[in-house]
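Computation of the quantities below employed the complete heavy-atom set of this structure, encompassing side-chain atoms and omitting hydrogens, waters and symmetry-equivalent molecules. All ligand and atom numbering here is 1-based and tracks the order in the structure.
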Amino acid sequence: MTPERPHYHFTPPTGWLNDPNGLIYDDGEYHLFYQWCKDVQADNLFMEWGHAVSADLVQWEHLPVALTYDELGAIWSGSAVKDAANACGLFANGGGLVAVFTHHNKDKAERQSIATSADRGRTWTKFAGNPVLGTDADRSFRDPKVFWHEPIGRWIMVVGVQHRLYASTNLRAWTPLGELPFRSECPDLFPVPFEHGGGSKWLLSLGGRSYVLGNFDGQSFTPETPALPVDEGMDFYATQSWDNVPDGRRVWIGWINNWKYASKLPDFGAQGFMSLPRTLELREIPGAGTRMVQKPVAELAALRGAPLRPAPAELPGVRLKAYELEAELRPAAGDRCGFSVRASADGRQETRIGYDAATGTIFIDRERAGHELLKGRMSSPLPLRDGRVKLRAFVDTLSVELFFNDGEAALTAHLMPGADDLGLAWFSDSGGSSCSALTVWPLKSGARQTV
Ligand code: FRU
């Protein structure tokens with residue numbers, strides 16, 4: 001069976017995609033670079049940076065490959081910053097964008113390099129003095145995320161897997177600041193605002209799997225929480241947040257896949273897709289403390305078609321492929337309830353999403369979601385509040401992304417339903433649970449192929 005290309009999640013025109021890279025907002029555009037390989041089966045030694053831009057994080061315009069592999073190695077993950085004042089000294093007139101990325105070579109040496117663009121990211125020139133950081137003895141030293149730290153007037157770089165911190169005034173010479181007490185690929189470090197105003201806290205992201213809140217003073221990061229889960233689905237990874245977004249807004253995006261099976265799944269003409277862009281905020285959660293909440297960006301409402309407001313019992317008559325669903329569940333004691341999505345007419349294939357009151361967990365059950373490698377069930381604890389839980393689900397051809405209680409918990413999973421598996425139904429194992437405020441919006445495609 002050939003899987004169907006996602007309708008409203010970002011996909012590459014051809015080839016393979018994994019991590020988001022070089023995320024920066026500049027001059028009215030969100031740039032999305034990404035790990036790309038021309039073959040649908042990625043080869044580590046030939047990774048490059050694919051590129052797309054968007055004015056609204058919804059409609060994406062594909063652009064030619066931005067950074068190609070070279071004699072120093074493949075172009076692995078990294079980030080981009082705006083150097084408006086030409087602090088790097090590499091621009092002829094004015095400033096521009098600077099990409100900071102890992103060169104990974106055939107001996108597995110990992111070193112950090114830079115490239116500049118004076119034409120809004122359209123063309124790039126690699127620095128002749130690359131690499132700028134690391135030696136050929138360095139291993140597992142990759143995924144530089146750079147940002148400007150205003151209070152100390154320097155750029156800061158956080159590098160995985162070893163998790164070291166560096167500072168620089170010119171993006172070429174980097175001074176070590178120390179190590180972070182956590183290790184992961186694709187680290188990120190940024191301030192996140194409270195939902196209703198009132199300041200922010202620094203968040204250290206560990207590859208999008210977990211995060212730590214704390215303080216960063218320009219020298220070192222002081223954790224104030226343990227590592228907390230980001231999304232307990234199997235398939236949300238390698239997140240990166242956009243740099244330079246106006247008004248202190250923080251948005252990130254991740255890769256919906258898992259290295260356990262990513263290269264073994266069939267392709268849809270291309271391979272790999274991104275999550276929805278998610279706005280990050282902080283909220284005081286009763287009984288838990290300050291926590292990050294994630295909400296799909298508000299701009300996504302532009303994809304909504306006319307809403308359907310069926311009674312739950314009427315749902316089996318609704319057949320949909322790509323949609324958003326909102327509901328409030330009141331699970332009965334000990335019951336499992338929720339929705340069966342992308343179900344086949346014979347009932348053999350489906351994905352179940354919802355709440356298990358016996359264990360107090362939200363869940364995705366993809367035991368029969370269309371591919372052997374995706375079999376399984378994932379869950380995460382979330383206490384009911386006043387006996388209720390709010391669900392917002394985004395279903396597409398190859399995935400489901402769930403947000404509970406306005407972003408307090410998220411679950412993301414890769415699915416592989418057949419093109420005709422369009423069933424949608426409400427279920428309650430005991431029959432005792434109920435569902436209210438059910439709304440379903442068919443979603444339009446966000447793709448715009450213009451390479
Ligand atoms: C994470 C990762 C990064 C690396 C990139 C290579 O998914 O392993 O650490 O830079 O993918 O494509």
Side-chain angles (χ1 to χ4, degrees), residues 10-12 14-23 32-51 65-70 72-80 99-115 126 130-134 138-146 157-164 166 180 182-189 204-211 230-231 233-241 252-265 267 270-275 412 414:
F10 180 84
T11 56
T14 58
W16 162 282
L17 163 153
N18 57 292
D19 314 354
N21 293 153
L23 303 187
L32 169 55
F33 301 89
Y34 52 92
Q35 285 289 279
W36 184 77
C37 185
K38 77 172 171 29
D39 299 319
V40 288
Q41 285 303 328
D43 184 330
N44 268 343
L45 294 178
F46 298 98
M47 299 308 295
E48 308 190 311
W49 276 24
H51 189 196
V65 172
L67 295 171
T68 53
Y69 61 84
D70 55 44
L72 289 175
I75 313 296
W76 279 23
S77 287
S79 52
V100 187
F101 55 89
T102 299
H103 260 127
H104 172 100
N105 74 14
K106 60 179 179 359
D107 302 320
K108 297 191 165 44
E110 293 182 345
R111 300 172 291 179
Q112 320 320 319
S113 291
I114 62 174
K126 290 186 196 125
N130 280 340
V132 296
L133 178 64
D138 278 304
R139 299 287 180 281
S140 297
F141 181 48
R142 61 177 179 267
D143 309 341
K145 179 74 192 323
V146 177
M157 181 198 288
V158 45
V159 194
V161 171
Q162 301 180 8
H163 256 121
R164 298 196 223 142
Y166 296 85
L180 290 160
F182 303 90
R183 288 168 74 94
S184 77
E185 297 181 319
C186 305
D188 201 347
L189 180 60
L204 173 66
S205 164
L206 307 171
R209 288 246 195 278
S210 51
Y211 71 97
V230 165
D231 180 318
M234 287 284 287
D235 300 305
F236 187 65
Y237 192 53
T239 51
Q240 185 174 120
S241 70
W252 74 3
I253 197 166
W255 174 44
I256 299 196
N257 219 323
N258 191 313
W259 280 117
K260 277 189 189 147
Y261 38 69
S263 38
K264 298 185 192 123
L265 294 170
D267 62 86
Q271 175 74 284
F273 55 102
M274 294 298 176
S275 72
T412 300
H414 197 320

Evaluate the criterion side chain to side chain contact (heavy atoms under 4.5 Å, CB included) for residue pair W49 and W36; output intermediate values, then yes/no. CA-CA 6 Å; W49 276 24; W36 184 77; over 6 Å; no

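In terms of protein heavy-atom proximity, atom 6 (C) of ligand 1 is nearest to Q35 OE1, 3.3 Å. The protein heavy-atom contact nearest to atom 8 (O) of ligand 1 is E185 OE2, 3.0 Å. Among all non-hydrogen protein atoms, the one lying nearest atom 5 (C) of ligand 1 is D19 OD2, 3.4 Å. D143 OD1, 2.5 Å is the protein heavy atom nearest to atom 10 (O) of ligand 1.
No more than 12 heavy atoms of other residues, nucleotides or ligands shown are found within 6.0 angstrom of NZ on K38.
Checked against side chain to side chain donor-acceptor pair (under 3.5 Å), E48 has no partners two or more places apart in sequence or in another chain. For D267, the salt bridge (charged side-chain N to carboxylate O under 4.0 Å, His left out) criterion is met by no residue, not counting sequence neighbours.
Against a heavy-atom cut-off of under 4.0 Å, W259 is close to the following atoms of ligand 1: 1 (C), 7 (O), 8 (O), 11 (O). Near S77, with a cut-off below 4.0 Å to any heavy atom, the atoms of ligand 1 are 5 (C), 10 (O).
Atoms CG and CG, from N21 and D143 in turn, are 8.0 Å apart once rounded to the nearest 0.5 Å.
Of the heavy atoms in N18, only side-chain atoms (C-beta onward) come closer than 4.0 Å to ligand 1.
Any N or O atom pair closer than 3.5 Å counts here, and Y237 shares no such pair with ligand 1.
No hydrogens or angles considered: nothing links the side chains of Q240 and S79 as a donor-acceptor pair under 3.5 Å.
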